[in-house]
2 protein chains.
Amino acid sequence: MKISSLVIEGGVFLRLSSRGHYGLKAMLDLAQNFGEKPIPLRSVAVRQNLSEHYLEQLIAMLKKAALVKSVRGSQGGYILAREPSQLTVGDVFRAMEGPVAPLLCVSEENPVGCDEADYCISRSVWARVRDGIVDVIDSITLEDLCREAKKL
Amino acid sequence: MKISSLVIEGGVFLRLSSRGHYGLKAMLDLAQNFGEKPIPLRSVAVRQNLSEHYLEQLIAMLKKAALVKSVRGSQGGYILAREPSQLTVGDVFRAMEGPVAPLLCVSEENPVGCDEADYCISRSVWARVRDGIVDVIDSITLEDLCREAKKL
DNA sequence: GGATATCATAGCACGCTACTAGGGTATTGT
DNA sequence: ACAATACCCTAGTAGCGTGCTATGATATCC
């Protein structure tokens, strides 16, 4: 009796890896230094105590998601694509970690079909968990966090 | 400049692996067949379409967490340690996946110290995410899910 | 034209997941 | 007694994702 073909998930889908953590730190740094001039990655890396080279790769994901713009050359760097008040933690999370999906079949984006969907009870549980997470991350803007930071 | 020593997280901490999914399915099966007699694992495996041998390992975790009791020998099997109304999804989740902790430093249990804790702004974000998840999983009992299942 | 900065690709050690394999032990029904 | 049933225990392993490092190319300003 081979059941190995029944595997539903091939990995891990709701998680916070260092990507999400570092990505938010970087975005927050850009938000705190938001202005006219682009901010070189090096200074972000130093302030946030991160590997500059690794950060390069991470910010590439943020650029791909159109959350930041880049300026090449000397005196170049990165700037937020929108104002801090128009960027949420959810935007950053999804850019770094993909869609919120405790389970593939309850992904907020392109949920994977499952032949048990009709009678799978636990599905509704993880869907509610997903909604709980989404509510939180979509309601917090970078501006909110900057304001919090100033209080410290 | 070696920054590799700064790694904050060594893995992945908030996730739903197949363990959590399968574990909840098994517990739900036990709840639906809750009564006097123990339920053999084989029948759970067949009904839920899971590998029996793998299920053995998973249910060992549930037993360790005192969520189920076992009866050995012929006609033996497993029974819920408490009534379905006294068992929550959170109980099952924690037995299978460990404490809810999007980040080690905001684990609901033994949070790991972090030297940036005082001024780390993103911390509060993940703490709120954690609370959102906890609220959901601790408020749903197995009895609730059985009732939902009957409606289908 | 060189210093500064972004961009692109490749590769790798490690740890975890999702199992499978193969046995052992306890209890029951006949 | 004894076989059948069911729980119990330890190893091992393929595959995958993470968290980097390494190397170099390309663009732009002064």
Side-chain angles (χ1 to χ4, degrees), chain A residues 1-23 25-26 30 37-46 49-64 68-79 96-98 101 103-104, chain B residues 1-23 25-26 30 37-46 48-64 68-79 96-98 103-104:
Chain A
M1 190 182 188
K2 282 265 171 78
I3 317 210
S4 48
S5 57
L6 297 175
V7 177
I8 296 169
E9 35 248 303
V12 160
F13 300 104
L14 171 67
R15 88 242 122 162
L16 186 66
S17 64
S18 75
R19 281 207 295 268
H21 193 49
Y22 294 175
K25 279 188 168 197
L30 292 181
K37 288 192 291 187
I39 298 151
L41 246 205
R42 164 160 313 226
S43 65
V44 176
V46 169
N49 205 14
L50 303 172
S51 152
E52 183 186 350
H53 206 23
Y54 186 38
L55 240 195
E56 275 187 44
Q57 288 174 252
L58 301 186
I59 208 157
M61 303 176 78
L62 294 167
K63 197 194 171 187
K64 206 172 207 172
V68 297
K69 287 182 287 190
S70 66
V71 179
R72 300 186 73 151
S74 183
Q75 306 295 92
Y78 291 94
I79 327 179
M96 306 308 291
E97 310 273 5
L103 227 50
L104 275 186
Chain B
M1 191 184 187
K2 282 265 172 76
I3 318 212
S4 49
S5 58
L6 296 175
V7 177
I8 295 170
E9 34 248 303
V12 160
F13 301 104
L14 173 65
R15 90 242 122 164
L16 188 65
S17 65
S18 76
R19 281 208 298 267
H21 193 51
Y22 293 175
K25 278 189 168 195
L30 292 182
K37 288 193 292 187
I39 299 151
L41 246 204
R42 165 159 311 227
S43 65
V44 176
V46 168
Q48 302 298 325
N49 205 14
L50 303 172
S51 152
E52 185 186 348
H53 204 24
Y54 186 38
L55 239 195
E56 275 187 45
Q57 289 175 250
L58 301 185
I59 208 157
M61 303 177 77
L62 294 168
K63 199 192 168 188
K64 207 172 207 172
V68 298
K69 287 181 288 189
S70 66
V71 178
R72 302 187 71 148
S74 181
Q75 307 295 92
Y78 290 93
I79 328 178
M96 306 308 290
E97 311 272 6
L103 228 50
L104 274 187

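Naming convention: chains lettered A, B, ... in sequence-line order (proteins, then strands); numbering from 1 in each chain.
- Between the side chain of A:Arg72 and the base of D:dT26 there is at least one donor-acceptor pair of N/O atoms closer than 3.5 Å.
- In this structure, the nucleotide among D:dT18, C:dC19, C:dA5 sitting nearest to the side chain of A:Arg19 is D:dT18.
- Between A:Ser70 and C:dA5 there is no side-chain N or O to OP1 or OP2 distance below 4.0 Å.
- One atom, CE of A:Met96, and another, P of D:dT18, lie 11 Å apart when rounded to the nearest Å.
- Rounding to whole angstrom units, CG of residue A:Leu58 and C1' of C:dT6 are separated by 15 Å.
- Computed from coordinates, the B:Met61 CE to D:dC7 P distance equals 18 Å when rounded to whole Å.
- Side-chain N/O atoms of B:Lys63 include one lying less than 4.0 angstrom from OP1 or OP2 on D:dC8.
- When all heavy atoms of A:His21 and A:Leu16 are compared, the pair lying nearest together is N-CD1, 4.1 Å.
- The CD atom of A:Glu52 sits 14 Å away from the P atom of D:dA22 (whole-angstrom rounding).
- Proximity of B:Ser17 to the phosphate of C:dA18: a side-chain N or O atom is located under 4.0 Å from OP1 or OP2.
- Between A:Tyr54 atom OH and C:dT9 atom P there is a gap of 18 Å when expressed in whole angstrom units.
- Looking at heavy-atom distances under 4.0 Å, A:Lys69 makes no contact with the nucleic acid at all.
- Between A:Leu55 and A:Ala26 the shortest heavy-atom distance is CD2-CB, 4.0 Å.
- Not a single side chain to side chain donor-acceptor pair (under 3.5 Å) links A:Lys37 to another residue, sequence neighbours left out.
- Closest contact between the side chain of A:Glu56 and the listed nucleotides D:dA6, D:dC29, C:dC7 involves C:dC7.
- Nearest-nucleotide mapping onto DNA chain C: of A:Ser74 and A:Gln57, the residue sitting toward the 5' end is A:Ser74.
- Using a 4.0 Å heavy-atom distance criterion, B:Leu41 is classed as a sugar-phosphate-only contact.
- In this model, no side-chain donor or acceptor of A:His53 finds a partner on the base of D:dG19 within 3.5 Å.
- Across the protein-nucleic acid pair, B:Leu55 atom CG and D:dA6 atom C1' stand 14 Å apart, rounded to whole Å.
- If you check every strand for non-hydrogen atoms under 4.0 Å, A:Lys64 touches nothing.
- Side-chain atoms of A:Glu52 do not come within 3.5 Å of backbone N or O of A:Leu41 as any donor-acceptor pair.
- Note on A:Tyr22: a side-chain N or O is less than 4.0 Å away from OP1 or OP2 of D:dC20.
- With B:Tyr78 as the partner, the side-chain contact (heavy atoms from CB on, under 4.5 Å) test is satisfied by one option alone out of B:Ile39, B:Leu30, B:Val71: B:Leu30.
- Between A:Ser51 and D:dG19 there is no side-chain N or O to OP1 or OP2 distance below 4.0 Å.
- For B:Tyr78 and D:dC8, the shortest distance from a side-chain N or O to OP1 or OP2 is below 4.0 Å.
- Following rounding to the nearest Å, A:Glu97 (CD) and D:dG17 (P) show an atom-to-atom distance of 14 Å.
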